[in-house]
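Below you'll find the structure, written out as structure tokens, and then a few comments.
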Amino acid sequence: MKKITLLLFVLSFWGSPLSAQITYEPGYYIDKNGNQEEVLILNKDWRYSPSSFSYKHTADGEVQTGNIKGITEFGVGDYLRYRSFLAPIDHSGERINKMSTNSEPEFKHERVFLRQLIAGKANLYIYSEGGLERYFYSLDGGELEPLVYKKYRKDNKIAVNGRFRQQLFSELNCGNLPAGDFKQIAYTGKDLQDYFIGYNECEGADYYEIREERKGVEFNLYLKAGIDHYELSILSGMNAGGANVDLDPGLRFGAEAEFIMPFNRNKWALFGEALYGRHQLKDEHIQSGFPTAPTETWLSMDLQFVSLAGGIRHYLFLNQTSKLFINAAITFDVPIKSEVVFDRGDSYELDAELDDASTDAYINLGVGYNYSNRLSAELRYSFPKVTHGRNEVPTHYKLLWEAEISTVSLILAYRMF
């Protein structure tokens with residue numbers, strides 16, 4: 001049963017992304033002959049500089065690919081623009097073990113798409129690759145120039161070539177600013193965009209920032225309730241190791257705080273969850289003991305707890321009101337009541353009892369559907385969690401309890417705000 005359940009879950013997990021229909025957004029591209037086409041572009045909100053993009057001429061049209069060889073520029077809406085350049089790229093690593101001992105940039109000229117950040121008399125561009133960011137500029141429609149910044153090793157220490165400040169001082173200095181004013185400019189998108197905006201304003205030039213208006217982190221609070229199916233595998237306990245039991249179905253309820261991240265088109269979220277749950281079993285017959293001397297035993301169990309989980313979630317948009325999601329979380333159970341009892345019949349004057357069982361941390365994975373950012377349903381699989389404890393009553397019994405409990409849950413949620 002466990003293997004079948006896990007297989008179904010994995011198929012659902014991988015099948016969900018394949019069935020999601022992502023909406024294409026109005027955009028354009030310019031080919032190498034200077035022809036501009038208005039198209040629908042699959043906006044991936046690229047974190048790193050792309051080498052190609054997908055587009056369609058109509059909503060029901062064939063998906064086509066534009067690449068670095070045939071496209072000189074493409075954009076989405078009025079907030080995303082990439083332009084093709086044969087650019088000098090310095091790939092020098094910034095990790096200490098990969099850092100160069102050469103203070104000068106080691107340029108390789110490559111055909112790349114650069115994202116344009118500022119358009120005006122002075123233009124600012126960025127190239128991103130892994131953890132690497134390189135900035136470029138052009139002035140009055142002139143040649144593309146790299147803003148030089150490089151970390152390197154010198155005498156087993158980290159040194160920095162920050163020549164970009166000298167470039168700004170000598171090439172983009174409106175108002176004859178003193179050299180000291182450039183020392184505080186960091187090689188970051190925020191500082192450089194602020195400087196280029198200031199330069200264009202000082203020159204009285206028309207300019208605009210090509211960026212999407214970002215919102216902050218979005219907060220959602222959900223009330224949640226669900227039903228659980230449990231499978232219990234006893235590892236040890238009054239010689240009952242090896243027994244497998246289906247526990248009574250359980251209910252869970254609680255709340256979740258979700259934080260939608262302000263990047264990648266709001267597809268990623270972090271969440272924290274607190275849910276009450278209960279594992280309950282009444283007088284389950286278990287034949288324990290050695291084969292030569294079997295013992296008739298009845299197991300009763302009542303474990304009440306609050307599950308505290310923290311995890312990450314990824315949304316897959318179907319349309320304006322519907323989206324699928326997949327999530328993963330690490331979970332800790334805080335016990336409220338722990339009671340495990342082995343009733344061995346009238347021949348024993350004292351039943352084996354445990355009232356302080358604890359549970360190790362475990363992982364759960366879920367796949368679900370969200371409607372209108374208000375209602376959601378999730379199918380969740382919790383990998384086996386180990387619950388354990390011990391109790392010894394001299395001359396009567398020594399109870400060493402250890403068991404694995406795996407869970408399949410159907411959870412419904414309603415967003416309060």
Side-chain angles (χ1 to χ4, degrees), residues 1-9 12-13 222-237 240 242-257 271-286 297-311 325 327-343 353-369 375-389 399 401-414:
M1 176 62 185
K2 285 184 179 179
K3 293 181 179 180
I4 295 175
T5 300
L6 181 57
L7 177 61
L8 291 174
F9 177 83
S12 298
F13 185 87
Y222 286 91
L223 295 182
K224 309 184 81 170
I227 187 168
D228 301 321
H229 170 73
Y230 303 110
E231 291 181 350
L232 171 70
S233 296
I234 302 175
L235 305 179
S236 66
N244 296 303
V245 179
D246 284 340
L247 300 182
D248 297 339
L251 299 177
R252 65 172 57 205
F253 55 87
E256 175 193 290
F271 66 91
E273 177 184 82
L275 297 177
Y276 167 84
R278 188 177 191 180
H279 303 318
Q280 197 170 27
L281 189 67
K282 183 67 174 176
D283 293 332
E284 177 72 19
H285 178 259
I286 295 176
T297 303
W298 288 265
L299 171 65
S300 295
M301 185 174 69
D302 188 1
L303 302 179
Q304 299 182 47
F305 54 90
V306 173
S307 293
L308 301 178
F325 62 85
N327 49 238
I330 184 169
T331 308
F332 303 86
D333 284 356
V334 178
I336 298 175
K337 177 182 179 181
S338 299
E339 186 178 273
V340 178
V341 179
F342 283 94
D343 181 353
E353 296 186 6
L354 176 70
D355 61 4
D356 61 349
S358 60
T359 302
D360 295 340
Y362 56 98
I363 299 294
N364 63 60
L365 301 174
V367 57
Y369 170 78
L375 299 172
S376 71
E378 175 189 351
L379 180 64
R380 177 181 296 182
Y381 176 77
S382 296
F383 286 89
K385 60 182 179 181
V386 178
T387 176
H388 49 79
L399 174 56
W401 165 261
E402 188 173 35
E404 288 185 339
I405 301 175
S406 58
T407 311
V408 176
S409 307
L410 177 62
I411 302 172
L412 304 179
Y414 176 79

To the nearest 0.5 Å, atom CG of L354 lies from atom CG of L399 at 5.5 Å
Please give me the minimum heavy-atom distance between A377 and L412, naming the atom from each residue. CB-CD2, 3.7 Å
Can you give me the closest heavy-atom contact between L303 and A357, atom names plus distance? CD2-CB, 4.3 Å
Measure the shortest side-chain to side-chain distance between V386 and E404 over non-hydrogen atoms and say whether it is less than 4.5 angstrom. yes
Would you call R278 and D302 a side-chain contact if the rule is heavy atoms closer than 4.5 Å? yes
Is there a side-chain contact between D228 and R380, using heavy atoms and a 4.5 Å cut-off? no
Less than 4.5 Å apart, any side-chain heavy atom of F383 and any of L365? yes
Inter-residue atom distance L379.CG - I411.CD1, 0.5 Å rounding: 9.0 Å
For W401 and T387, run side-chain contact (heavy atoms from CB on, under 4.5 Å): C-alpha distance rounded to whole Å, both residues' side-chain angles, the deciding distance at 0.1 Å, then the answer. CA-CA 8 Å; W401 165 261; T387 176; 3.7 Å; yes
Side chains of Y276 and Q304: donor-acceptor distance under 3.5 Å anywhere? yes
What closest approach, in Å, do E378 and G366 show between heavy atoms, and which atom pair accounts for it? OE2-CA, 3.5 Å
In this structure, CD1 of I227 is separated from CG of L251 (nearest 0.5 Å) by 6.0 Å
Quick check for you: to the nearest 0.5 Å, what is the distance between E231 atom CD and L247 atom CG? 9.0 Å
Closest approach of S376 to F325 (non-hydrogen atoms, all atoms of both residues): CB-CE2, 4.2 Å
Applying the side-chain hydrogen bond (donor to acceptor under 3.5 Å, both in side chains) criterion to K385, which one of T407, D333, D360 satisfies it? D333
For the residue pair F305 and H279, categorise the inter-ring angle as parallel (less than 30°), tilted (30 to 60°) or perpendicular (more than 60°). tilted
Report the C-alpha separation of V245 and M301 in whole Å, then their side-chain angles, then the decisive distance to 0.1 Å, and conclude whether the side-chain contact (heavy atoms from CB on, under 4.5 Å) test is met. CA-CA 12 Å; V245 179; M301 185 174 69; over 6 Å; no
For A240 against F342, the heavy-atom pair lying closest together: CB-CE2, 4.0 Å
Say you draw a straight line from NE2 of H388 to OG of S236; how long is it, rounded to the nearest 0.5 Å? 10.5 Å
Do D356 and S338 get their side chains close enough for a donor-acceptor pair, meaning under 3.5 Å? no
Testing the basics here: between K224 and A413, what is the closest heavy-atom pair and its distance to 0.1 Å? CG-CB, 3.9 Å
Interatomic distance, L275 atom CG to E256 atom CD [nearest 0.5 angstrom]: 8.5 Å
L232 side chain near E284 side chain, heavy-atom distance below 4.5 Å: no
